[in-house]
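Inspection log for the structure reproduced underneath, given as structure tokens.
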Amino acid sequence: MKTRITPGIILIGLFAMSLGASGWADQTRPWPGLREHTPRVHAFVGARIVVAPGDVMESATLVIRDGNIVAVGKDVRPPADARIWDLEGRTIYAGLIDLYTRHGVGADGSHRGGPPGGAAEGTTDKAAPRGSPYWNAKISPERSAAELFSPDADGAKKLRSQGITLVMSVPDGGIITGTGALVTTGDGESNDLVVESDVALALQYETGGRSDKSYPGSLMGVMALIRQSFLDADWYERAHTAWSEKGDFERPETNMSLKRLGQLKAVGTPLLITAGNDRSFLRSVLLAKELELPAIVLGSNQEYRRLDAIAAAGLPVILPLNFPETPSVKTPEQA
């Protein structure tokens with residue numbers, strides 16, 4: 001069978017998944033009726049294929065079997081059981097990855113779970129606290145984008161239109177905001193879209209606005225709270241270990257935030273730090289070194305101000321593509 005597709009560009013990451021989505025969905029839940037076992041083999045022929053930057057194949061063939069690319073090249077022959085897609089005049093390239101989004105977790109990073117900590121200090125939420133959180137609700141490492149994620153078909157469609165097929169969804173709200181998850185921008189249920197959870201622990205230097213009178217209200221306080229939370233997590237682990245071995249003193253409190261923070265640090269989960277300017281970038285370098293954790297920095301487009309020092313730090317950087325407006329320098333005072 002040969003299918004003709006009109007000229008344009010194919011994003012191989014999501015296009016391939018959409019061709020066989022019904023075959024890989026519902027892998028563990030009961031299947032209603034008879035289960036189909038239609039072969040999911042597709043051959044894209046005659047396309048211009050961008051394998052990597054500078055590595056381009058003209059009039060090549062790409063074969064996908066069960067969602068995996070198994071062959072690509074000019075001399076590849078389509079398998080006998082493949083559905084043939086005529087892509088003459090079209091270009092195939094790998095989907096792009098956006099490493100910092102709120103996709104599927106809501107603008108405040110709490111699509112399903114709501115703000116952490118309830119009425120605990122550090123929040124204006126009047127609801128009763130849930131679970132056993134940290135005393136300051138701006139520290140919530142127990143939040144997971146993989147658990148908060150809810151499919152957003154409209155948002156995914158917009159991302160695909162930009163060539164983006166995989167994103168890192170990151171919870172928002174607070175200082176230590178939770179762990180990010182890798183998510184595809186295809187259509188389907190959360191079980192099919194979430195690729196990897198707990199990829200990085202998101203952290204931002206949030207001091208709140210005028211309406212937020214809670215601690216911390218300054219950058220100095222933010223840095224102190226981050227350090228204190230990690231010190232508390234270390235104490236929490238040692239206290240519970242000692243109590244389980246001896247039990248001859250009062251049982252330590254249960255705190256899901258500190259337990260989770262200790263677990264993430266123990267396995268070396270990278271920090272994903274939002275740096276609002278070049279100074280915050282260098283501050284993040286020192287923080288990661290102090291906490292003995294790898295770090296990725298979401299830049300601010302101001303890195304050029306301290307480029308030598310930032311380059312010397314050697315940390316991976318996510319550069320935003322939404323550049324800020326050009327500042328006005330019409331007067332010496334503004335400049």
Side-chain angles (χ1 to χ4, degrees), residues 96-103 105-110 122-123 136-141 143 145 164 167-180 199-230 261 264 269-335:
L96 304 178
I97 301 173
D98 190 333
L99 284 175
Y100 200 96
T101 74
R102 309 293 183 204
H103 176 63
V105 295
D108 64 350
S110 53
T123 182
N136 190 301
K138 294 180 180 178
I139 304 297
S140 50
R143 287 200 298 169
I164 299 170
V167 302
M168 171 95 80
S169 292
V170 180
D172 192 15
I175 297 172
I176 296 180
T177 67
T179 55
V199 177
L201 178 62
L203 186 155
Q204 56 192 11
Y205 304 123
E206 182 181 285
T207 57
R210 293 183 178 180
S211 60
D212 185 359
K213 304 298 183 182
S214 61
Y215 174 81
S218 67
L219 182 56
M220 181 183 295
V222 169
M223 299 305 295
L225 183 59
I226 293 171
R227 291 188 174 98
Q228 188 62 57
S229 63
F230 275 91
L261 191 59
L264 293 170
T269 303
L271 299 173
L272 179 55
I273 307 174
T274 300
N277 53 50
D278 53 311
R279 296 183 302 277
S280 288
F281 192 111
L282 296 176
R283 183 177 293 112
S284 302
V285 173
L286 296 176
L287 179 64
K289 186 178 296 186
E290 178 181 333
L291 297 177
E292 298 181 333
L293 285 172
I296 305 164
V297 180
L298 176 64
S300 62
N301 292 322
Q302 296 180 7
E303 285 73 30
Y304 66 92
R305 297 175 176 176
R306 301 293 302 277
L307 192 57
D308 290 342
I310 287 173
L315 294 184
V317 185
I318 302 172
L319 293 178
L321 295 182
N322 292 328
F323 294 105
E325 294 183 6
T326 304
S328 176
V329 291
K330 293 180 179 179
T331 68
E333 291 79 12
Q334 289 176 325

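These numbers come from a predicted model, not from an experiment. Counting begins at 1 with the first residue of the sequence.
- Taken to the nearest 0.5 Å, the CZ atom of F281 stands 11.5 Å off from the CG atom of L286.
- Partners of R227 under the salt bridge (charged side-chain N to carboxylate O under 4.0 Å, His left out) rule, at least two apart in sequence or in another chain, are E290.
- The structure places CD1 of I318 at 5.0 Å from CG of L272, a figure rounded to the nearest 0.5 Å.
- Atom CD1 of I296 sits about 6.0 Å away from atom CE of M168, to the nearest 0.5 Å.
- The salt bridge (charged side-chain N to carboxylate O under 4.0 Å, His left out) search around R279 returns none, not counting sequence neighbours.
- Annotation: side chain to side chain donor-acceptor pair (under 3.5 Å) contacts of S169 (sequence neighbours excluded): none.
- Here the side chains of E206 and T274 are not in contact, with every heavy-atom distance at 4.5 Å or above.
- The salt bridge (charged side-chain N to carboxylate O under 4.0 Å, His left out) check on D278 picks up R305, with sequence neighbours excluded.
- Every residue two or more places apart in sequence or in another chain that forms a side-chain contact (heavy atoms from CB on, under 4.5 Å) with S280 is listed here: Y205, A275, N277, R283.
- Looking only at side-chain heavy atoms (C-beta outward), V297 and I310 stay at 4.5 Å or farther from each other.
- Taking OG1 from T101 and CD1 from I164, the interatomic distance works out to 8.5 Å, rounded to the nearest 0.5 Å.
- Of all heavy-atom pairs spanning T177 and Q204, the tightest one is CG2-NE2, 3.7 Å.
- In this structure, K138 NZ and I226 CD1 are separated by 11.5 Å, a value rounded to the nearest 0.5 Å.
- With sequence neighbours excluded, the residues forming a side chain to side chain donor-acceptor pair (under 3.5 Å) with S328 are Q334, listed by chain and number.
- Heavy atoms only, all atoms of each residue included: D172 and R143 are closest at O-NH2, 2.6 Å.
- Summarising the geometry of F230 relative to I176, their closest heavy-atom pair is CE1-CD1, 4.0 Å, with the distance given to 0.1 Å.
- Across all non-hydrogen atoms, the minimal contact from A335 to V329 is CA-CG1, 3.9 Å.
- Annotation: side chain of P216 is in contact with side chain of V222 (closest heavy-atom distance under 4.5 Å).
- Between I139 and S229, the closest heavy-atom pair is CG2-CB, 3.9 Å.
- The CG atom of L225 sits 5.0 Å away from the CG atom of N136 when rounded to the nearest 0.5 Å.
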Exercise. Just do the side chain to side chain contact (heavy atoms under 4.5 Å, CB included) check on I97 and L99 with the steps written out, would you?
Key: CA-CA 6 Å; I97 301 173; L99 284 175; 3.9 Å; yes

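- The shortest heavy-atom contact between L271 and A288 is CD1-CA, 4.4 Å.
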